[in-house]
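What follows is a short report on a single structure.
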2 protein chains.
Amino acid sequence: MGGQNFSKKRQMILDTIKSTNSHPSAKWVYETLKKEIPDLSLGTVYRNINLFKDQGHIVAVANIDGEERIDGDTSPHAHFVCKECGCVYDVPATHAPISRECCSMDGFETHNTVLTYYGICGGCTQI
Amino acid sequence: MGGQNFSKKRQMILDTIKSTNSHPSAKWVYETLKKEIPDLSLGTVYRNINLFKDQGHIVAVANIDGEERIDGDTSPHAHFVCKECGCVYDVPATHAPISRECCSMDGFETHNTVLTYYGICGGCTQI
DNA sequence: ATAAAATCAATAATGATTACTGATTTAAGG
DNA sequence: CCTTAAATCAGTAATCATTATTGATTTTAT
């Protein structure tokens, strides 16, 4: 009950992504789950991340130093990317409301809106 | 007069980027200029793009299929990325105003704000 | 002219992601 | 509980964008 018929590994990969707000990379998911599933393959993580993106379970939110970062929270909210440490933070909609309207260009259909702030995070400003 | 002392190739790379609104990739810049400068090297294009980004002459605006796309127009405006054809369009500030305030998180310094719409562009909806 | 600094072409190296293949697991029916 | 076809996977090789390296060329200042 209550979900599609995912294989055990596939479900654990999704659970791992959903259980963090660190906006992980594929490699982070792989290394984190590797402790629990020693025979996990990095290719499997990539394949399932692409599947989850296609199905709308997760979204890509940033690309830091060539690494795609994903988010299991698909509700509308902005992100803050620290140029120093590469961390990606959630910015709640109350602090950075994302405008729902798009450009009024004829025939353009907007599926989703990405609002990202780049700068230096609290931890890195203190250094 | 009226500019830094760029070498001929460096200046032509910047001019090429500034002269288009197609939000090109490094490879596009390379292939476009290669016709004019047969002995241009792709590494030179990458090196100079990174230099221009550091100096604030250009900005990175999207990453499409693993390729970084840049913009010679550094004025605040949003972008529309077509998931179908991969084109990146300018969205003038009048159609999608970018909020200047950022998250009110303590100690966070915002340097720039990126607002991007993803969807299907006018050309691709008609197919 | 000339020497030091900047810049470059060419190539090799790196690193993220994807494709492939044969083995394993899962799902459905008997 | 078996069986069998389809789905999934591990392991590895390949791909592709980007970066690093190095020795040669160009630019700049003198």
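So that the names make sense, note that chain A is the first sequence line, chain B the second, and so on, each numbered from 1. Not measured: the values here are computed from a predicted model. Keep in mind that the numbers below use all heavy atoms, side chains included, and drop hydrogens, waters and symmetry copies.
For the OP1/OP2 pair of dT18(D) and a distance below 4.0 Å, the side-chain nitrogens and oxygens of Y46(B) include at least one atom meeting the criterion. Phosphate contact (OP1/OP2 of dT18(D), side-chain N/O of K27(B), threshold under 4.0 Å): absent. Using a 4.0 Å cut-off, some side-chain N or O of T44(B) falls inside it from OP1 or OP2 of dA9(C). Within the 4.0 Å cut-off from OP1 or OP2 of dT7(C), not a single side-chain nitrogen or oxygen of N48(B) is found.
Across the protein-nucleic acid pair, R69(A) atom CZ and dT17(C) atom C1' stand 16 Å apart, rounded to whole Å. E67(B) has its CD atom 9 Å from the C1' atom of dC16(D), to the nearest Å. What separates CG of D39(B) from C1' of dA10(C) is a distance of 11 Å, to the nearest Å. Rounded to a whole Å, the CG atom of L42(A) is 11 Å from the P atom of dT18(C). Distance I13(B) CD1 to dA6(C) C1': 14 Å, rounded to the nearest Å. If you take CZ of F6(A) and P of dT8(D), they are 9 Å apart, rounded to a whole angstrom. Between the P atom of dT19(D) and the OH atom of Y30(B) lies a distance of 17 Å, rounded to the nearest Å. Residue L40(A) contributes atom CG, which lies 9 Å from atom P of dC9(D) at whole-angstrom precision.
Residue R10(B) is in sugar-phosphate contact alone, with no base atom involved, counting any heavy-atom pair closer than 4.0 Å across all strands shown. The residue K9(A) sits close only to the backbone: its heavy atoms come under 4.0 Å of sugar-phosphate atoms, none of a base.
For S41(B), counting side-chain heavy atoms from C-beta on, the closest listed nucleotide (dC8(C), dT18(C), dA10(C)) is dA10(C). Relative to the side chain of S7(B), the nucleotides dT18(C), dA10(D), dC8(C) differ in distance, and dC8(C) lies closest.
Proximity of a side-chain donor or acceptor of R69(B) to a complementary backbone N or O of A62(B) within less than 3.5 Å is not detected.
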Note to self: Could you go through Y118(A) and T110(B), starting from their C-alpha distance and side-chain angles, then the distance that decides it, and tell me whether this counts as side-chain contact (heavy atoms from CB on, under 4.5 Å)?
What the structure shows: CA-CA 6 Å; Y118(A) 291 86; T110(B) 299; over 6 Å; no
Margin query: Could you go through N63(B) and E67(B), starting from their C-alpha distance and side-chain angles, then the distance that decides it, and tell me whether this counts as side-chain hydrogen bond (donor to acceptor under 3.5 Å, both in side chains)?
Written below: CA-CA 5 Å; N63(B) 189 299; E67(B) 262 189 338; over 6 Å; no
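Cluster membership for F52(A) and M12(A), using ILVMFWY side-chain heavy atoms within less than 4.5 angstrom, is shared. Residues Y89(A) and L115(B) share a hydrophobic cluster, clusters being chains of Ile/Leu/Val/Met/Phe/Trp/Tyr side chains in contact below 4.5 Å.
In this structure, N63(B) and R47(B) both approach DNA chain D, and ranking their closest nucleotides by distance from the 5' end singles out N63(B).
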